[in-house]
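Accompanying notes for the structure given below.
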Amino acid sequence: MKLLVTGGAGFIGSNFVHHVVAHTEHHVTVLDKLTYAGNRASLAGLPDDRVAFVHGDIADAELVDGLIAGADAVVHYAAESHNDNSLADPRPFLDTNIVGTYTLLEAVRRHDVRFHHISTDEVYGDLELDDPARFTDTTPYNPSSPYSSTKAASDLLVRAWVRSFGVRATISNCSNNYGPYQHVEKFIPRQITNVLRGIRPKLYGAGHNVRDWIHADDHSSAVLAVLNRGRIGDTYLIGADGEKDNKSVIELILTQMGQPADAYDHVTDRAGHDLRYAIDSSKLRDELGWTPQYGDFEAGLAVTIDWYRENESWWAPAKGATEAFYAERGQ
Ligand code: NAD
Ligand code: DAU
């Protein structure tokens with residue numbers, strides 16, 4: 001197959017391209033705008049005869065039309081992805097997440113190309129800490145932030161294009177990813193690189209918020225399962241039963257890096273901060289036979305810490321500007 005992967009120079013998109021090259025015979029064209037979050041170095045070492053790169057915007061209708069005309073399937077990762085940025089400046093989130101997704105949908109409609117839309121568990125809002133329920137594909141949408149509301153809007157566009165125009169699309173909503181190539185603005189890499197730089201890790205508020213962690217490589221295998229075997233029009237939730245509160249994660253990072261577990265600062269909380277996400281992925285496991293390979297979060301975190309230790313040249317260029325952004329906000 002010839003895959004067009006949008007956002008393939010970002011964190012999860014680049015992990016997907018590495019996974020596809022290692023586990024399939026597919027050819028990949030990456031379409032990426034190389035915003036602050038995109039990095040060509042994340043695709044270094046991949047074979048030129050399997051992976052091509054196009055620098056451009058998913059909202060550029062002419063460019064997108066030509067690329068989609070030559071593809072068998074589109075896997076759509078490109079997005080503005082960071083909640084804190086969406087609180088500082090929501091506009092790029094509307095342009096990329098909503099108008100960009102609309103532009104892709106119109107092109108796959110014209111050329112009858114299979115489309116897989118990557119989304120997030122955040123579209124469902126948040127859960128109480130003691131709620132026995134977890135998110136499923138029938139949970140009502142209730143997004144909290146400018147980021148998650150634009151992702152919810154993009155999901156609804158996909159559903160409408162399936163029903164109204166017969167577009168052959170699927171959607172997956174995944175929980176929090178960790179692993180190599182994640183931008184240092186995000187929670188886990190921010191704290192790892194802080195420790196490596198001798199900066200104290202920063203915990204928002206009391207740190208009782210819970211996230212449901214999955215390794216990015218497990219996300220990739222789940223996306224391939226949906227692309228290959230998913231029912232057109234369906235939504236699949238992706239998660240690896242990895243619920244942890246932020247305080248425990250920051251303490252684990254410090255301990256694994258040989259520091260005292262309490263060597264971190266409490267900083268200003270995120271506005272509208274979602275309390276807990278939790279995914280019920282039984283549909284994906286039962287219907288498509290998917291299972292995660294990184295069952296153990298502690299082991300996956302240790303490998304991720306090693307990756308940041310060994311790849312300072314990849315993350316160092318973004319570290320100063322990222323910490324300056326947070327410092328302005330008391331975070
Ligand atoms: P990221 O911010 O690391 O990467 C986004 C990529 O998209 C970058 O390479 C960027 O240059 C590119 N991009 C942004 N705007 C573009 C545009 N207009 N045209 C072309 N390319 C553009 O994001 P990520 O964490 O890898 O997330 C990827 C996708 O997965 C997003 O759709 C996100 O909503 C979803 N998701 C993320 C997580 C997570 O934990 N990070 C979990 C579930 C779902
Ligand atoms: O749930 C999936 C979502 O996970 C994706 O849709 C998003 O694209 C992705 O960014 C992520 O969103 P979060 O907001 O959960 O991730 P983030 O890494 O920003 O923060 C994780 C938790 O850690 C959150 O509760 C906020 C907290 N946090 C974050 C930072 C950056 C801190 O306590 N300190 C920090 O320095």
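Just so you know, these numbers come straight off a predicted model, no measurement behind them. Both ligands and their constituent atoms are indexed starting at 1 by order of listing.
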Handout entry: K151, portion touching ligand 1 at heavy-atom distance under 4.0 Å
Key = side chain
Handout entry: Within reach of ligand 1, part of A59 (heavy-atom separation under 4.0 Å)
Key = neither
Problem - Distance under 6.0 Å and angle within 45° of ring axis: R200 vs Y264 - result: no
Exercise for the section: Could you please spell out the steps behind the salt bridge (charged side-chain N to carboxylate O under 4.0 Å, His left out) verdict for R91 and D95? Expected result: CA-CA 6 Å; R91 179 62 199 243; D95 293 336; 3.0 Å; yes
Practice task
Measure from atom 17 (P) of ligand 2 to every heavy atom in H183, R190, R270, R211 and give the option owning the shortest one.
Solution key: R270
Practice task
Answer yes when D265 and K202 have at least one side-chain N-carboxylate O distance shorter than 4.0 Å, and no when they do not.
Solution key: yes
Exercise for the section: Show which atoms of ligand 1 fall inside a sub-4.0 Å distance from at least one heavy-atom site of S81. Expected result: 1 (P), 2 (O), 23 (O), 25 (O)
Practice task
Would you indicate which of I12, D121, V267, T322 comes nearest to atom 2 (C) of ligand 2 when only heavy atoms are counted?
Solution key: D121
Fill in the blank from the handout: The atoms of ligand 2 lying under 4.0 Å from a heavy atom of Y147, numbered in the order shown, are 5 (C), 6 (O), 7 (C), 8 (O)
Handout entry: Ring-face cation of R329 near F325 (centre distance under 6.0 Å, axis angle within 45°)
Key = yes
Exercise for the section: Flag Y36 as yes when one of its N or O atoms lies below 3.5 Å from any N or O atom of ligand 1, and as no otherwise. Expected result: no
Handout entry: Candidate pair Y277 and N209, rule side-chain contact (heavy atoms from CB on, under 4.5 Å), full reasoning
Key = CA-CA 9 Å; Y277 308 136; N209 310 67; over 6 Å; no
Practice task
Examine ligand 1 and decide if any of its atoms is less than 4.0 Å from a heavy atom belonging to I118.
Solution key: yes
Practice task
Would you check whether G56 reaches within less than 4.0 Å of ligand 1, judged by its heavy atoms?
Solution key: yes
Problem - Backbone of S175 reached by a side-chain donor or acceptor of D212 within 3.5 Å - result: no
Practice task
May I ask you to decide if the ring planes of Y181 and W314 are parallel, tilted or perpendicular, using 30° and 60° as cut-offs?
Solution key: perpendicular
Handout entry: Min N/O separation L31 to ligand 1 under 3.5 Å
Key = no
Handout entry: Test log, rule salt bridge (charged side-chain N to carboxylate O under 4.0 Å, His left out), inputs R134 and E243
Key = CA-CA 11 Å; R134 298 190 293 171; E243 283 189 65; 5.2 Å; no
Practice task
Would you confirm whether the ring centroid of Y178 sits within less than 6.0 angstrom of the ring centroid of F297?
Solution key: yes
Exercise for the section: Using a 4.0 Å heavy-atom threshold (strictly under), name the region of Q331 that reaches ligand 2: side chain, backbone, both or neither. Expected result: neither
Fill in the blank from the handout: heavy-atom search around atom 11 (O) of ligand 1 in the protein gives D32 OD1, 2.6 Å
Problem - Where ligand 2 meets Y277 - atom numbers and elements under 4.0 angstrom, heavy-atom basis - result: 1 (O), 15 (O)
Handout entry: Side chain, backbone, both or neither: the part of W213 lying under 4.0 Å from ligand 1 by heavy atom
Key = neither
Exercise for the section: State whether the shortest distance between N or O atoms of E80 and N or O atoms of ligand 1 falls below 3.5 angstrom. Expected result: no
Exercise for the section: Measure centre to centre between the rings of Y36 and H183, then say whether the value is under 6.0 Å. Expected result: yes
Handout entry: Aromatic plane relationship, H82 with Y326 - under 30° parallel, 30 to 60° tilted, over 60° perpendicular
Key = perpendicular
Exercise for the section: Check whether the side chains of N177 and H219 place a donor and an acceptor atom closer than 3.5 Å, and report yes or no. Expected result: yes
Exercise for the section: Could you check atom 43 (C) of ligand 1 against the protein and tell me its nearest heavy-atom contact, residue, atom and distance included? Expected result: C174 O, 3.3 Å
Exercise for the section: Compute the minimum heavy-atom distance from S42 to ligand 1 and say whether it is under 4.0 Å. Expected result: no
Handout entry: Polar contact flag for F187 and ligand 2 (N/O pairs, less than 3.5 Å)
Key = yes
Handout entry: Geometric class of the F16/Y77 ring pair [parallel <30°, tilted 30-60°, perpendicular >60°]
Key = tilted
Exercise for the section: Using non-hydrogen atoms of the residue, decide whether E185 is closer than 4.0 angstrom to ligand 2. Expected result: yes
Practice task
List every atom of ligand 2 that sits less than 4.0 Å from any heavy atom of Y326, numbering the atoms from 1 in the order shown and giving each element.
Solution key: 31 (C)
Handout entry: Contact atoms of ligand 2, heavy-atom distance to L203 under 4.0 Å
Key = 33 (O)
Practice task
For the residue pair W161 and F165, categorise the inter-ring angle as parallel (less than 30°), tilted (30 to 60°) or perpendicular (more than 60°).
Solution key: perpendicular
Problem - Any L3 side-chain heavy atom under 4.5 Å of D72 side chain - result: no
Practice task
Would you check whether Y147 reaches within less than 4.0 Å of ligand 1, judged by its heavy atoms?
Solution key: yes
Problem - Interfacing atoms of ligand 2 (cut-off 4.0 Å, heavy-atom, Q191) - result: 34 (N), 35 (C), 36 (O)
Problem - ligand 1 atoms in contact with Y77 (distance to a heavy atom under 4.0 Å) - result: 28 (C), 29 (C), 31 (C), 32 (O)
Problem - Under 4.0 Å to a heavy atom of L34 - the qualifying atoms of ligand 1, by number - result: 11 (O)
Practice task
Report the part of D121 (side chain from C-beta onward, or backbone N, CA, C, O) that has a heavy atom under 4.0 Å from ligand 1; answer both or neither where that applies.
Solution key: neither
Problem - Step-by-step side-chain contact (heavy atoms from CB on, under 4.5 Å) determination, D112 to V167 - result: CA-CA 7 Å; D112 187 25; V167 161; over 6 Å; no
Problem - Close-contact set for ligand 2 against K202 heavy atoms, below 4.0 Å - result: 32 (C), 33 (O), 34 (N), 35 (C), 36 (O)
Handout entry: H76, any N or O under 3.5 Å of ligand 1 N or O
Key = no
Problem - Quiz item: cation-pi between R168 and F115, 6.0 Å / 45° - result: no
Handout entry: Heteroatom distance test (D84, ligand 2): nitrogen or oxygen, under 3.5 angstrom
Key = no
Problem - Min N/O separation K33 to ligand 1 under 3.5 Å - result: yes
Practice task
For ligand 1, find out whether one of its N or O atoms is nearer than 3.5 Å to an N or O atom of N176.
Solution key: no
Problem - Distance (rounded to the nearest 0.5 Å) between L284 CG and S172 OG - result: 8.5 Å
Exercise for the section: Please say whether the positively charged group of K186, taken as NZ for Lys or CZ for Arg, lies over the ring of F11, i.e. under 6.0 angstrom from the six-membered ring centre and within 45 degrees of the axis. Expected result: no
Handout entry: N/O separation below 3.5 Å, N209 to ligand 2
Key = no
Exercise for the section: Check each heavy atom of S119 against ligand 1 and say whether those closer than 4.0 Å belong to the side chain, the backbone, both or neither. Expected result: backbone
Handout entry: From CA spacing to verdict: side-chain contact (heavy atoms from CB on, under 4.5 Å), L63, L67
Key = CA-CA 6 Å; L63 174 67; L67 291 171; 4.1 Å; yes
Fill in the blank from the handout: Quick note on ligand 2: atoms under 4.0 Å from a heavy atom of H273 include exactly 24 (C), 25 (O), 26 (C)
Completion exercise
ligand 2 to H82, heavy atom cutoff 4.0 Å, flagged ligand atoms 19 (O)
Exercise for the section: For ligand 1, find out whether one of its N or O atoms is nearer than 3.5 Å to an N or O atom of A78. Expected result: no
Problem - Test log, rule salt bridge (charged side-chain N to carboxylate O under 4.0 Å, His left out), inputs E312 and R197 - result: CA-CA 10 Å; E312 182 163 357; R197 279 282 162 91; 3.2 Å; yes
Handout entry: Check: D274 N/O within less than 3.5 Å of ligand 2 N/O
Key = no
